[in-house]
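Working notes for the structure below.
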Amino acid sequence: MEPRILQIALDTPLDMLFDYRWRNEPGAALPMVGQIVLVPFGRRTVAGVIVAIQAQSDLPDDKLKDVIAIRQQVPPLGAEWLDLCRFAADYYQRPLGEVALPSLPKNLRALTSVALNSALKKQAKIAPLHDPVPVAMPLLNSEQQIAVDTIAGASGFAPILLHGVTGSGKTEVYLQTAAHILARDDGAAAQVLILIPEINLTPQLEASVRQRFPGVAVVSLHSGLAEGERMRNWLAAHTGQARIVLGTRLAVLSSLPHLKMIVIDEEHDPSYKQQEGLRYSARDLAVWRAHQLGIPVVLGSATPSLETWQHAQSGRYRKLVLRQRAVADAVLPKVGLIDMERDKGGGGLTSTLAAALRLRLERGEQSLLFLNRRGYAPVLSCDACGWISNCTRCTAMMVLHKPEHRLRCHHCSLELRIPRSCPTCGNVDLQPLGRGTQRIEEHVQAQFPEARILRIDADSTRRKGSAQAAFDSVHGGDVDILIGTQMVSKGHDFKNLTLVGILNPDTALFSHDYRASERLFAQLMQVAGRAGRAAQKTDGNPGQVLIQTRYPQHPLFAALGAYDYDGFANALLEERQQAAMPPFIYQALLRAEAKELETALQFLQQAAECLNAPDITIHDPIPMTMVRVANQERAQLLIECVSRPALQAFLKQWLPALRQMKSRVKWSVEVDPVDI
Ligand code: ADP
Ligand code: ZN
Ligand code: ZN
């Protein structure tokens, strides 16, 4: 038989497919679209995915190279998965191979199949719990029941916003709906994908899902897994063995041949947006995937993103509402504002908040102090000469990390020992300015020496498994006062926590970023939602939230206190509509970086002029707010259009033109950018 030509997607920046020859050996199985192959590429051997098989190539025979190996032991990736990758590549303007290959586990792309074969053996053992002990499902309240019936009863593509206050039992709705879907027999065993924003929420959820679905294989997929485990779990999903897949954003690109429902928990969460490489929105891809497959997709949140809210308001998404907390007698915590101009307190803690903490300690209840700034102090300074701890490589200040005895730049990871004296004038009395979680911890410990205090942030949980251990000790009641960044704000169902103190939300109130207030509202509502989740004791405190601010009159706080998400979101949407901002307009952002700002700006200026496009608004190139990071100067160019297809059509022409410019400037395009 004639040799065949395989068209292969490779992980390269070249926007093309590559032809390779496959020589038929007697008795060998024929290659199939969707199989993983190894091929020579330049002087290397790389992995690729077969996307088409042809009789002939446009390349002359002597230019064609042979395929080295085909990973026959793995069933081919399906056409639907390839289409998903094609869509993502097309929409986010990247080569197909740059989307498809990095989404696969490393061991599947490895040059030897040793790890793969061992994973295949172990995968066979990924099994449900041995002794299934069924747990009783709680009786749903009527709002939950309506939600489950509606989602499970939906046919075809059904995008559904599940708008439920914190603690309203959204998880219960996901689980009981999943039970309906899995029980259905459509010939193949159905699969359900549940996306969650944070790795540190998977173990908790995974445990309750396993318990709830004895006899069902459940796997998780996230970047915290060791390669071997990721490979096994991915294979279990790919072969259809795993029926429930829990994962962070990267799981949206996993292969799920019998996918019948997708859940996006906390759909508003910024971590669904990948911020480097392929800058995709896992939420948007999940909705596309549900559309492609004609299945329901549930977007759950107490504070939906404005994009999703707009779809719900316009009727494109169906909206289901859970107004009450699910646990009997659990109520939403009361929100109080503490005017920091009047109540100064000390060490970043007002006397009102300190008194509330003391009361919780006396009652044996837990408290949470939320401050979205890690480190000891955001800057170290010299009063004598005005020196401050600027990063030498970035337009940013180096953060003081006291326990680690370091100054650290959070943008380029430069680290220095804390100077003993001012580098400019020799003054030995250097002062920390401002407060981060470490400094708050130090102060609270001094003020409440008897309290058991735990800080949870990216620094305290660097070691693998340490975040889980920390959360376990909170759940286990070994902590009186928890201090943390956004890491502690989401999802967790702390049963004995009755007070949330929010230390310094003010900087976000007046940010130049138009999304800042949407984010702040969501973040505060989430963290507030950690309080008072259990039933109120008759003699106990209901949950309480205290916000320390210099702007107690700010309307955002009024809306928050009234739990008026609807009013807040509708007002924001109206502002956005009047100002022609997303979701009423579509955007793409061209970023450029170079040694000198001028070079980056010149490139952007040329880019702005290289195509004539009447429907597209091309703004002026501007330096980014943080101009320099790791000695690169950065600038950006925003383009906008009222029509998404028109913007896409423009990008299709524009990117090839940009490549033609052959500039040495490093540039990238982001579609639907969130940080502008
Ligand atoms: P959300 O995700 O909406 O914030 P959760 O799903 O964490 O809320 O649920 C909050 C609490 O309510 C959990 O402890 C859960 O077990 C409990 N719960 C959920 N539904 C019910 C129900 N129908 N009856 C009693 N308790 C429930
Ligand atoms: Zn000095
Ligand atoms: Zn830096």
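Below, each value reflects all heavy atoms present in this structure, side chains not excepted, and no hydrogens, waters or symmetry copies. Atoms within a ligand are numbered from 1 in the order they appear, just like the ligands themselves.
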message = Testing the basics here: between Ala592 and Leu604, what is the closest heavy-atom pair and its distance to 0.1 Å?
response = CB-CD2, 3.8 Å

ask   = Given the side-chain rings of His163 and Trp309, with only the six-membered ring counted for Trp, is the space between their centroids under 6.0 Å?
value = yes

ask   = At distances under 2.8 Å, what protein N, O or S atoms surround the Zn ion (ligand 3)?
value = Cys391 SG, Cys394 SG, Cys409 SG, Cys412 SG

message = For Asp459, is there an ion pair with Arg408 - N to carboxylate O distance below 4.0 angstrom?
response = yes

query = Should Phe471 and Gln204 be marked as a side-chain contact (heavy atoms from CB on, under 4.5 Å) after you check the CA-CA gap, both sets of side-chain angles, and the distance that decides it?
reply = CA-CA 9 Å; Phe471 284 112; Gln204 204 189 1; over 6 Å; no

task = For side-chain contact (heavy atoms from CB on, under 4.5 Å), just list the numbers for Phe370 and Leu503, CA-CA rounded to whole Å, side-chain angles, deciding distance to a tenth of an Å, and then say yes or no.
result = CA-CA 6 Å; Phe370 172 74; Leu503 296 186; over 6 Å; no

remark   = Contacts of Phe494 meeting ring pair (Phe, Tyr, Trp, His ring centres under 6.0 Å) (sequence neighbours excluded), chain-then-number -> His475, His492

ask   = Are Glu172 and Arg212 ion-paired here, with the side-chain N under 4.0 Å from a carboxylate O?
value = yes

Donor-acceptor contact below 3.5 Å, side chain Asn496 vs main chain Gly364 = yes

Output, or 'none' if empty, a list of ligand 1-protein atom pairs in which both atoms are N or O and the distance is under 3.5 Å, rounded to 0.1 Å.
{"unit_1": "ligand 1", "atom_1": "2 (O)", "unit_2": "Thr171", "atom_2": "OG1", "d": "3.4"}
{"unit_1": "ligand 1", "atom_1": "3 (O)", "unit_2": "Ser168", "atom_2": "N", "d": "3.2"}
{"unit_1": "ligand 1", "atom_1": "3 (O)", "unit_2": "Ser168", "atom_2": "OG", "d": "3.4"}
{"unit_1": "ligand 1", "atom_1": "3 (O)", "unit_2": "Gly169", "atom_2": "N", "d": "3.1"}
{"unit_1": "ligand 1", "atom_1": "3 (O)", "unit_2": "Lys170", "atom_2": "N", "d": "3.0"}
{"unit_1": "ligand 1", "atom_1": "3 (O)", "unit_2": "Lys170", "atom_2": "NZ", "d": "2.9"}
{"unit_1": "ligand 1", "atom_1": "4 (O)", "unit_2": "Gly167", "atom_2": "N", "d": "2.7"}
{"unit_1": "ligand 1", "atom_1": "4 (O)", "unit_2": "Arg533", "atom_2": "NH2", "d": "3.3"}
{"unit_1": "ligand 1", "atom_1": "6 (O)", "unit_2": "Thr171", "atom_2": "N", "d": "3.1"}
{"unit_1": "ligand 1", "atom_1": "6 (O)", "unit_2": "Thr171", "atom_2": "OG1", "d": "2.9"}
{"unit_1": "ligand 1", "atom_1": "7 (O)", "unit_2": "Arg533", "atom_2": "NH2", "d": "3.1"}
{"unit_1": "ligand 1", "atom_1": "8 (O)", "unit_2": "Gly169", "atom_2": "N", "d": "3.1"}
{"unit_1": "ligand 1", "atom_1": "14 (O)", "unit_2": "Asp493", "atom_2": "OD2", "d": "2.6"}
{"unit_1": "ligand 1", "atom_1": "14 (O)", "unit_2": "Lys495", "atom_2": "NZ", "d": "3.1"}
{"unit_1": "ligand 1", "atom_1": "20 (N)", "unit_2": "Gln144", "atom_2": "NE2", "d": "3.0"}
{"unit_1": "ligand 1", "atom_1": "23 (N)", "unit_2": "Leu139", "atom_2": "O", "d": "2.7"}
{"unit_1": "ligand 1", "atom_1": "23 (N)", "unit_2": "Gln144", "atom_2": "OE1", "d": "2.9"}

task = Around the Zn ion (ligand 2), list the protein N/O/S atoms within a radius below 2.8 Å, excluding water molecules.
result = Cys382 SG, Cys385 SG, Cys422 SG, Cys425 SG

task = Using a strict 4.0 Å threshold on nitrogen-to-oxygen distance, state whether Glu593 and Arg634 make a salt bridge.
result = no

key: Arg249, Arg283, Lys273 screened by salt bridge (charged side-chain N to carboxylate O under 4.0 Å, His left out) with Glu267, the one that passes   = Arg283

query = Do Arg373 and Asp457 sit within salt-bridge range, that is, some charged N less than 4.0 Å from a carboxylate O?
reply = no

task = Please report the C-alpha distance between Glu143 and Lys170 in whole Å, then the side-chain angles of each, then the deciding distance to 0.1 Å, and finally whether the salt bridge (Lys or Arg N to Asp or Glu O under 4.0 Å) criterion is met.
result = CA-CA 10 Å; Glu143 287 177 333; Lys170 293 185 286 294; over 6 Å; no

Point-to-point distance, once rounded to the nearest 0.5 Å, from NZ of Lys595 to CD of Gln632 = 4.5 Å

